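Heads up, the thing below is written out as structure tokens.
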2 protein chains.
Amino acid sequence: MPLLTTGKAAEEAGVGRETLRFYEREGLIEKPIRGNSGYRQYPPETIARVRFIRRAKELGFTLNEIRDLLALSDPPNAECAQFRAHAKSKIEEIRSKIGKLRKVERALSSLVDTCERSGTPQKCPILDALED
Amino acid sequence: MPLLTTGKAAEEAGVGRETLRFYEREGLIEKPIRGNSGYRQYPPETIARVRFIRRAKELGFTLNEIRDLLALSDPPNAECAQFRAHAKSKIEEIRSKIGKLRKVERALSSLVDTCERSGTPQKCPILDALED
DNA sequence: CTACACCCTGTAGTATACTACAAGGTCAAG
DNA sequence: CTTGACCTTGTAGTATACTACAGGGTGTAG
């Protein structure tokens, strides 16, 4: 059973029914084919795409940024040079995000360390973690 | 000049004037002291705090999550054991975020690679990057 | 062939995080 | 001592991303 109705597809993708319609309106997923009743029939690729959207959102990407990200993997990819430039700037953005998260992680770890050694947490450089 | 008025403080922190008032209402920053005119006077610590909030938001944390993160560094930190548990779960969350971002980064890099070798980009596993 | 769960459309409402405005007070320069 | 940039409050509006109806059609189990 490769094709799913809205309810099943939403459950599989981990979002609400209305979210699928919303993403369709927003052009984030393809309009699914319809049965003769007019019911939407979602292919597994769309489910995978929605799952990706959900996770990317948790990583701090907006729907517009996710649209860009998805466009990078969607054929046809017009100009290769243009594509590379776009992809590379996205990669840079992601690396910077990773670097910043690592700083927050280190700050929290050092807080836990201090706390484990001294028995009480000290005031600590979480705020410094994300300075320029 | 350690104390700044709303306009200057907002500029320093990289947010709008109204955002400072908003964060104050939301309890994300302390109510600043007031001059005899009633003007707010922000200390540098508040500016640092707002900068942190701004960056953390870019990393996909909501204001409520940021409130939690900031609470971890604010004295008094009540129970050490409780504090450690809280901090450690935040660290885990951040590590998972980093792992996922790395997967997206790798997927994009492989796309760029393929494109550089073949001259045209192929369809590629960006979608697979964030699977469970 | 009647329930009842599910689907359709369109529209309206919500939560989050600002952002803009109106109506007025303050302060420093010329 | 006026002008203009800045500040105050409260309230209202916006963008993003859903979320919840209302009013109606569909499909299958008993």
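Every heavy atom of this structure was used, including side-chain atoms; hydrogens, water molecules and symmetry mates were not. We name chains A, B, ... by the order of the sequence lines, and we start the count at 1 in each one. Small disclaimer: the values here were computed from a predicted structure and weren't measured.
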Find the distance [X]:[atom1] to [N]:[atom2] and express it as a whole number of Å.
| X | N | atom1 | atom2 | answer |
| --- | --- | --- | --- | --- |
| A:E18 | D:dA22 | CD | P | 13 Å |
| A:K31 | C:dC8 | NZ | P | 13 Å |
| A:R54 | D:dC18 | CZ | C1' | 15 Å |
| B:L20 | D:dC7 | CG | C1' | 13 Å |
| B:I29 | C:dC18 | CD1 | P | 12 Å |
| B:Q41 | C:dC27 | CD | C1' | 12 Å |
| A:R21 | D:dA20 | CZ | C1' | 11 Å |

Name all residues meeting the side chain to side chain donor-acceptor pair (under 3.5 Å) criterion together with [X]; count only those two or more places apart in sequence or in a different chain, and write none if there are none.
| X | result |
| --- | --- |
| B:R17 | none |
| A:E93 | A:K90 |
| A:R102 | none |
| A:R106 | none |

Exercise. Is the NZ or CZ atom of A:K8 both under 6.0 Å from the centre of the six-membered ring of A:Y42 and within 45° of that ring's axis?
Worked result: no
For this session: Would you kindly check whether a donor in the side chain of A:R25 faces an acceptor in the base of C:dG10, or vice versa, at under 3.5 angstrom?
Result: no
For this session: Name all residues meeting the salt bridge (Lys or Arg N to Asp or Glu O under 4.0 Å) criterion together with A:E12; count only those two or more places apart in sequence or in a different chain, and write none if there are none.
Result: A:R51
Exercise. How would you label the contact of A:G16 with the nucleic acid (heavy atoms, under 4.0 Å): base, sugar-phosphate, or nothing?
Worked result: nothing
Exercise. When we call it a touch if two heavy atoms are under 4.0 Å apart, what does B:R40 touch: a base, just sugar-phosphate, or nothing?
Worked result: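 Sugar-phosphate only.
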Exercise. Which of residues 43-50 of chain A sit near DNA chain D, with a heavy atom under 4.0 Å from it?
Worked result: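 Residues of residues 43-50 of chain A that come under 4.0 Å of DNA chain D do not exist, since none gets that close.
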What protein N or O atoms touch nucleotides 15-17 of chain D N or O atoms at under 3.5 angstrom, if any, and at what distances?
from, atom 1, to, atom 2, distance (Å)
D:dA17, OP1, A:L63, N, 2.7

Problem set entry | side-chain hydrogen bond (donor to acceptor under 3.5 Å, both in side chains): pairs with one or both residues in residues 20-33 of chain A, sequence neighbours excluded |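 Every side-chain hydrogen bond (donor to acceptor under 3.5 Å, both in side chains) pair that includes a residue of residues 20-33 of chain A, provided the two are not neighbours, is A:E24-A:R40.
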Problem set entry | Closest to side chain of A:T5, choosing from C:dC6, D:dG10, C:dT19 |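 It is C:dC6.
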Exercise. If only side-chain N and O atoms of B:R34 are considered, is one of them under 4.0 Å from the OP1 or OP2 phosphate oxygen of D:dT9?
Worked result: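 Answer yes for this pair, as a side-chain N or O of B:R34 is under 4.0 Å from OP1 or OP2.
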Exercise. OP1 or OP2 of C:dT19 sitting under 4.0 Å from any side-chain N/O of B:R17?
Worked result: no
Seminar exercise, completed: Contact string for nucleotides 23-30 of chain D, one letter per nucleotide 5' to 3', B = base within protein heavy-atom range under 4.0 Å, S = sugar-phosphate only, - = neither, reads --BBS---
Set of side-chain contact (heavy atoms from CB on, under 4.5 Å) partners for [X], sequence neighbours left out:
| X | value |
| --- | --- |
| A:E92 | A:R95 |
| B:Q41 | B:L3, B:T5, B:I33 |
| A:A13 | A:V15, A:I47, A:V50 |

For this session: Locate the shortest heavy-atom distance separating A:P44 from A:P2; write the atom from each residue and the value.
Result: CD-O, 3.2 Å
For this session: Look only at the side chain of B:K100 and the backbone of A:E58, and say whether a donor-acceptor pair between them is shorter than 3.5 Å.
Result: no
